[in-house]
There are 2 protein chains.
Amino acid sequence: MSKTSQQIAEICGVSRGTVDRALNNRPGINPETKERILKVAEQLGYRPHFLAQSLVKGSTKSIGAVLFDINNRIFPQLVNAIETRASELGYFLYLTLTNKDPEKERECLQHLVDRRVDGILLLSVNKGDDFERFVSKLGVPVITFGNLVSDEIPYIWVDDRKAIRDAVKRLAALGYEEIIYVSPPMALSGRTNLYAVEQRHAGFRQAIAEAGGALSADLILHKGYLEEIEGLLRKGSKRKVILCTSDKYALKVLLHLKKKGIRVPQDVGLMGFDNIDTLEYITPSLSTIAYSADEVGTKAVDLLVDRIAGRNVPLRTMVPHEIIEGEST
Amino acid sequence: MSKTSQQIAEICGVSRGTVDRALNNRPGINPETKERILKVAEQLGYRPHFLAQSLVKGSTKSIGAVLFDINNRIFPQLVNAIETRASELGYFLYLTLTNKDPEKERECLQHLVDRRVDGILLLSVNKGDDFERFVSKLGVPVITFGNLVSDEIPYIWVDDRKAIRDAVKRLAALGYEEIIYVSPPMALSGRTNLYAVEQRHAGFRQAIAEAGGALSADLILHKGYLEEIEGLLRKGSKRKVILCTSDKYALKVLLHLKKKGIRVPQDVGLMGFDNIDTLEYITPSLSTIAYSADEVGTKAVDLLVDRIAGRNVPLRTMVPHEIIEGEST
DNA sequence: CTGTTAGCGCTTTCAG
DNA sequence: CTGAAAGCGCTAACAG
């Protein structure tokens, strides 16, 4: 079926070494024979055998991505950015999905290494010393994002903590007196890697502390948030706003409030986080915290390729965030 | 860094052949030496070199996906289904994105073949005899979906034509007398592969013909659909409904109508196609045509793996569709 | 039951 | 400037 450099050599009556010199324009070859070889290669439709090349060169020009969160709506943008940048830099992308299964995540990582990817991008559900060691021992460069795995492994993301603090300040400035913070994933705290979610949470507590009594806060850290919100809204007379750890929850809240006839923002304010593209179609438009998933993906690949090339990269890289003022606050 | 079967052989004082027999539990080996070898392999943390294996076996256990449409919201579901099924069947997924660039699509296909993927899943933007030939000559099994490339290449998707006809019948049954069909991508007809979009369009025309004068139809096949819709809504007194070639356009229309104070469904009905998951958060809930992206992805992989195994597969596979009655009609 | 040999297709010395 | 040979790590066929 496919042609080998050996065949070209035979046809041209030269050795494989010479063919190789022609094909990879390496010095030390007569321009005329080179010309001849290239012509024959062209005619045969010769294509180098990538596996064989990789085997001898020790580099596959491929990177692996290990992701858990297909439901997170920034997924398409992230994957798009990663693939696009990788492709620009000459790398192919192995995509592996873990569906939040810690064991599967380890397997994916191991398999990628078995396939000799040059580097790995990791959005992890695992955490802890044991896992840190596992990742360190893989023997290939790893860049993490979304959830931190180790202080020693480069991490890129938005500054969740500061972002929430900025949001709280903004809400205070808008005149809100009570903030209902909704972060259902926190219920899983300790059992799974929730670094980003926890950073947001920590940012919120800090912001409230900084407000020094000017703001009161309610924390809802479980699945039954819709009911609990309703209860809270009935109490007291402070101007209230609901701040959700991600747009996904904010949208569910919005839907629920609409059903109950509670008006946003007249009766209560609402704010999300992520600026997922679904928001484009939502009324009233949702206030949220935006950052560029494109930038995260693109830079993550850049960092990884730098590491692959043996260059040092910063252990923490933060992409900028921005408060989007929608109609919901 | 990483251990080779050679090293195990030396440590155990046997030959590589024997090590191979132990590792791949092939017959013809003394259980005790096998035991010994496996133990050493375990201790060394031996992992077979996948590239070397692939090189000699001629199979990489990887498949490639070539997609153009990251914006289409069924993308995450599709990719998820594909990766999940591939993984279950022991295959790794190379994801390549073309951003609707025909030349890039060809490159992606060629590169995947260079990397010796065992098979390819293709959602194509290219079409035509030339491209058909190109794909046929790749030398690996290809399964297409979404857009048909050739009658000879297996294709899996929803029956777009029938789906639209079912939708039109349903709209007629609901008492609508005039249907505004919105399909902006059709403006590119001829220049790019729009098979699915064209099938939907053809289905619409057929349905209108079948209705034999009971229904009147307006076709909007360009970007300026919002303005044109407004114009059409002002004319005549028939009960009107807007049928969009995909939910994405339906949502844009909905947003526009809300802004203009035109009520859905009281003033005009609205229906989409695809049942993208954004709809979950939309009010009024959108009527649409649903099909399972999961099923498309999963079955596409199954078909591909069948082809890789040399089995014959049907040239056309249709996944079922279903009309979803939302509040918008 | 085990060792040897010959590749898979390519790159990379080292001679000539 | 070119050829020959060794080797990447593994598998498979053939002896012993």
Side-chain angles (χ1 to χ4, degrees), chain A residues 1-38 40-41 44-62 110-118 139-140, chain B residues 1-38 40-41 44-62 110-118 139-140:
Chain A
M1 183 65 226
S2 59
K3 320 299 177 189
T4 71
S5 65
Q6 174 70 306
Q7 293 178 37
I8 299 180
E10 281 163 13
I11 293 176
C12 295
V14 296
S15 74
R16 276 156 62 207
T18 306
V19 172
D20 189 56
R21 276 178 272 254
L23 260 24
N24 302 310
N25 30 234
R26 259 205 295 275
I29 181 173
N30 184 319
E32 286 169 26
T33 52
K34 176 170 178 177
E35 193 62 25
R36 194 156 45 95
I37 290 169
L38 288 179
V40 171
L44 289 183
Y46 170 81
R47 297 245 107 211
H49 195 300
F50 207 88
L51 294 180
Q53 280 184 153
S54 298
L55 182 59
V56 55
K57 291 223 195 117
S59 148
T60 56
K61 280 293 190 177
S62 49
Q110 185 59 64
H111 284 145
L112 287 171
V113 171
D114 289 351
R115 282 168 183 254
R116 296 299 194 275
V117 293
D118 294 341
V140 296
Chain B
M1 181 66 228
S2 59
K3 320 298 178 188
T4 71
S5 66
Q6 175 70 304
Q7 294 178 37
I8 299 181
E10 281 164 14
I11 293 175
C12 296
V14 296
S15 73
R16 275 157 58 205
T18 305
V19 172
D20 189 54
R21 275 179 274 256
L23 260 26
N24 302 309
N25 28 235
R26 261 204 293 275
I29 182 171
N30 184 319
E32 287 168 24
T33 51
K34 177 170 177 176
E35 194 61 26
R36 193 156 45 94
I37 292 170
L38 289 180
V40 172
L44 289 182
Y46 170 80
R47 298 246 106 211
H49 194 300
F50 206 88
L51 294 179
Q53 281 185 152
S54 297
L55 183 59
V56 55
K57 291 224 194 119
S59 148
T60 56
K61 280 293 191 176
S62 50
Q110 184 60 63
H111 284 146
L112 287 171
V113 171
D114 289 350
R115 281 168 185 255
R116 295 300 194 276
V117 294
D118 294 341
V140 295

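Just so we're clear, the structure is a prediction, and the values are computed from it rather than from any experiment. Order of the sequence lines fixes the chain letters, A, B, ..., with proteins taken first and strands second; residue numbering starts at 1 for each chain.
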- [ ] Rounded off to whole Å, could you give me the CG-to-P distance for the Leu23(A) and dT2(D) pair?
- [x] 14 Å

Open item on the list: Of the options dG9(D), dT11(D), dT11(C), whose atoms approach the side-chain atoms of Gln53(A) most closely?
Closed with: dT11(C)

Task: Spacing of Gln6(A) atom CD relative to dG7(C) atom P, expressed in whole Å - done: 11 Å

Task: Closest listed nucleotide, where the reference is the side chain of Thr18(A) and the choices are dT2(D), dG9(C), dT11(C) - done: dT2(D)

TODO: Please figure out whether Arg116(B) or Asn30(B) has its closest DNA chain C nucleotide nearer the 5' end.
DONE: Asn30(B)

- [ ] Specify the separation, in whole Å, of atom CD1 of Ile29(A) and atom P of dT11(C).
- [x] 13 Å

- [ ] Could you check how far CZ of Phe50(A) sits from C1' of dG9(C), rounded to whole Å?
- [x] 14 Å

- [ ] Decide yes or no for Gln6(B) and Glu10(B): does some side-chain heavy atom of the first lie under 4.5 Å from some side-chain heavy atom of the second?
- [x] yes

- [ ] Report yes if some heavy atom in the side chain of Leu55(A) is under 4.5 Å from a heavy atom in the side chain of His49(B); otherwise report no.
- [x] yes

Open item on the list: Let's go through Leu44(A) and Ile11(A) carefully: what are the C-alpha distance in whole Å and the side-chain angles of both, what is the deciding distance for side-chain contact (heavy atoms from CB on, under 4.5 Å) to 0.1 Å, and is it a yes or a no?
Closed with: CA-CA 10 Å; Leu44(A) 289 183; Ile11(A) 293 176; 3.8 Å; yes

Open item on the list: Can you measure Ile37(A) atom CD1 to dT2(D) atom C1' for me and round it to whole angstrom units?
Closed with: 10 Å

Open item on the list: Is it the case that the side chain of Arg47(A) and the backbone of Ser2(A) share a donor-acceptor pair, with hydrogens and angles ignored and the cut-off at 3.5 Å?
Closed with: no

Open item on the list: Using a heavy-atom cut-off of 4.0 Å across all strands, would you classify Ser54(B) as base, sugar-phosphate, or nothing?
Closed with: nothing

- [ ] Would you check if the side chain of Arg115(A) reaches a backbone N or O of Thr60(A) as a donor-acceptor pair within less than 3.5 Å?
- [x] no

Open item on the list: Any base atoms under 4.0 Å from Leu55(B), or only sugar-phosphate, or nothing? Heavy atoms, all strands.
Closed with: base

Open item on the list: Below the 4.0 Å mark, does dT2(D) have OP1 or OP2 next to a side-chain nitrogen or oxygen of Thr33(A)?
Closed with: yes

- [ ] Please report, rounded to the nearest Å, how far the P atom of dG9(D) is from the CG atom of Leu44(B).
- [x] 14 Å

TODO: Find the distance Glu35(B):CD to dC1(C):C1' and express it as a whole number of Å.
DONE: 16 Å

Task: hbond_proxy Arg21(A) side chain to dG3(D) base (donor-acceptor, 3.5 Å cutoff) - done: yes

Open item on the list: Can you measure Gln7(B) atom CD to dG7(D) atom P for me and round it to whole angstrom units?
Closed with: 15 Å

TODO: Would you mind classifying the nucleic acid contact of Tyr46(A) as base, sugar-phosphate or nothing, using non-hydrogen atoms under 4.0 angstrom?
DONE: sugar-phosphate

Task: Selected nucleotide, minimal atom distance to Pro31(A) side chain, candidates dC1(D), dT11(C), dT2(C) - done: dC1(D)

